[in-house]
2 protein chains.
Amino acid sequence: MDTIFNKVDAKGRVSLPSDYRAIVKELSTEIVCYRSLTAPCIEGCTEELLDKLATEIENATDFFSETQDNLTNLIFGDAKRFTFDSTGRIMLTEKLLKHASITDTAVFVGKGRKFQIWNPENWEKEEARIRAEALKNRPTLTRKTEGE
Amino acid sequence: MDTIFNKVDAKGRVSLPSDYRAIVKELSTEIVCYRSLTAPCIEGCTEELLDKLATEIENATDFFSETQDNLTNLIFGDAKRFTFDSTGRIMLTEKLLKHASITDTAVFVGKGRKFQIWNPENWEKEEARIRAEALKNRPTLTRKTEGE
DNA sequence: CTATACCTTATGGTATATCATGGGTTTTTA
DNA sequence: TAAAAACCCATGATATACCATAAGGTATAG
């Protein structure tokens, strides 16, 4: 998956890049999007992945625990299903667009089993940051990820 | 899933968001609501889930023996069935609305298998609190849940 | 090796269906 | 009998589905 720039029209519609669609389509015709917790961008994935995460939370925390309560609110309160039509577009909400400061162009960035949607300028900065960081931590990284 | 703001009309009626309805409708046309034990909000789910919760409480007797009675009383004594009509609306009771301080607008917050109903201002505060908290505990979280 | 035809994908526009919400009417119940 | 709740219909807003066009890329034929 590479980085793709697509236009956002006046209604908030964006074409999900065809490569992304192809992967999702094997399972369904919808994705889930939510505001990234740590970055000014939108994150997307399949519902399956989100369900898996929810199950993990349920297993790792107690039913009545504050942690479980907070996490489920955080994840499911924010996440929204987006079905894409025959032309492969989704309609992003105001909340999501605002969080990522996206107006007329959205940058799709593949992240393995999920992806991110950025404002072009912000992504440019982020990419530079990531590259610098990766270079700095290279020795540690290679040791850690051995199994991949 | 998702957070949705709906109006409460003069008669106390609220539209249950269509996405929520779609999931419930496969089974029936009613949900169960009760006052949250931990937060100033209303909680809602299907009757099936409440039954499951009852079983879980029973199974956890070893750990909750003291509080089991209290829990069952609090939840089941409070829970009430709400059928939604052809337009998808329910009529919440005074008791529930008062507990959540809801007057003219109700915020539906998805929690996976259940949902919460909040007063807009309270939810805004709660959401900010949760997100800040999650950000602070991020290292711990990611280790536990292996994803984000 | 180049040009043309074809296919895929992105994007703009439009019509249709859905949903939230308001109001009115009937039925229940206290 | 009065108040409240369930039911029904109407409407405006909005999202969704669909069609048409444009642009880019690839394969094939000349």
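Each chain gets a letter, A, B and so on, in the order the sequences are listed, and its residues count up from 1.
D85(B) places its CG atom 13 Å from the P atom of dT21(C), with the value rounded to the nearest Å. Between R13(B) atom CZ and dA20(C) atom C1' there is a gap of 11 Å when expressed in whole angstrom units. When rounded to the nearest whole Å, the span between CG of D104(A) and P of dT11(C) equals 11 Å. Atom C1' of nucleotide dA15(D) and atom CG of D2(B) are separated by 13 Å, given to the nearest angstrom. Look at CG on D19(B): it is 13 Å from C1' on dA20(C), rounded to the nearest Å. Atom pair I4(A):CD1 and dG25(D):P shows a separation of 12 Å (rounding to whole Å applied). Whole-Å rounding puts the L16(A) CG to dT11(C) C1' distance at 15 Å. Rounded to an integer number of Å, the gap from CZ of F108(B) to P of dA20(C) is 9 Å.
Comparing R21(B) and N6(A) along DNA chain C, the residue whose closest nucleotide (by nearest heavy atom) sits nearer the 5' end is N6(A). In terms of position along DNA chain D, the nucleotide closest to S86(B) lies nearer the 5' end than the nucleotide closest to the other residue of the pair F84(A) and S86(B).
S18(B) comes within 4.0 angstrom of the backbone, heavy atoms only, and of no base. At a threshold of 4.0 angstrom between heavy atoms, the contacts of D9(A) are confined to the sugar-phosphate backbone, with no base atom among them. Looking at heavy-atom distances under 4.0 Å, M91(B) makes contact with sugar-phosphate atoms alone, never a base. Nucleic acid contact class of T87(B) (heavy atoms, under 4.0 Å, all strands): base. Residue-level contact check: I90(B) touches neither bases nor backbone, having no heavy atom under 4.0 Å from any strand.
Not a single donor-acceptor contact under 3.5 angstrom links the side-chain atoms of K7(A) to the base of dT9(C). Residue side chain K11(B) reaches the base of dG24(C) through a donor-acceptor N/O pair under 3.5 Å, judged by distance alone.
Salt-bridge formation is detected for the pair D78(B)/K95(B): a Lys NZ or Arg NE/NH1/NH2 atom is positioned less than 4.0 Å from an Asp or Glu carboxylate oxygen. Comment: K111(B) engages D69(A) in a salt bridge, judged by a side-chain N to carboxylate O separation of less than 4.0 angstrom.
Side chain to side chain, N70(A) and E133(B) fail the donor-acceptor criterion of an N or O pair below 3.5 Å.
Within the 3.5 Å criterion, the main-chain N or O of C41(B) finds no donor-acceptor partner in the side chain of R35(B).
Between F115(B) and Y20(B), the ring planes lie perpendicular to each other; the angle is over 60°, past the 30° to 60° tilted range.
Among dA20(C), dC7(D), dG13(C), the nucleotide with an atom closest to any side-chain atom of R89(A) is dG13(C).
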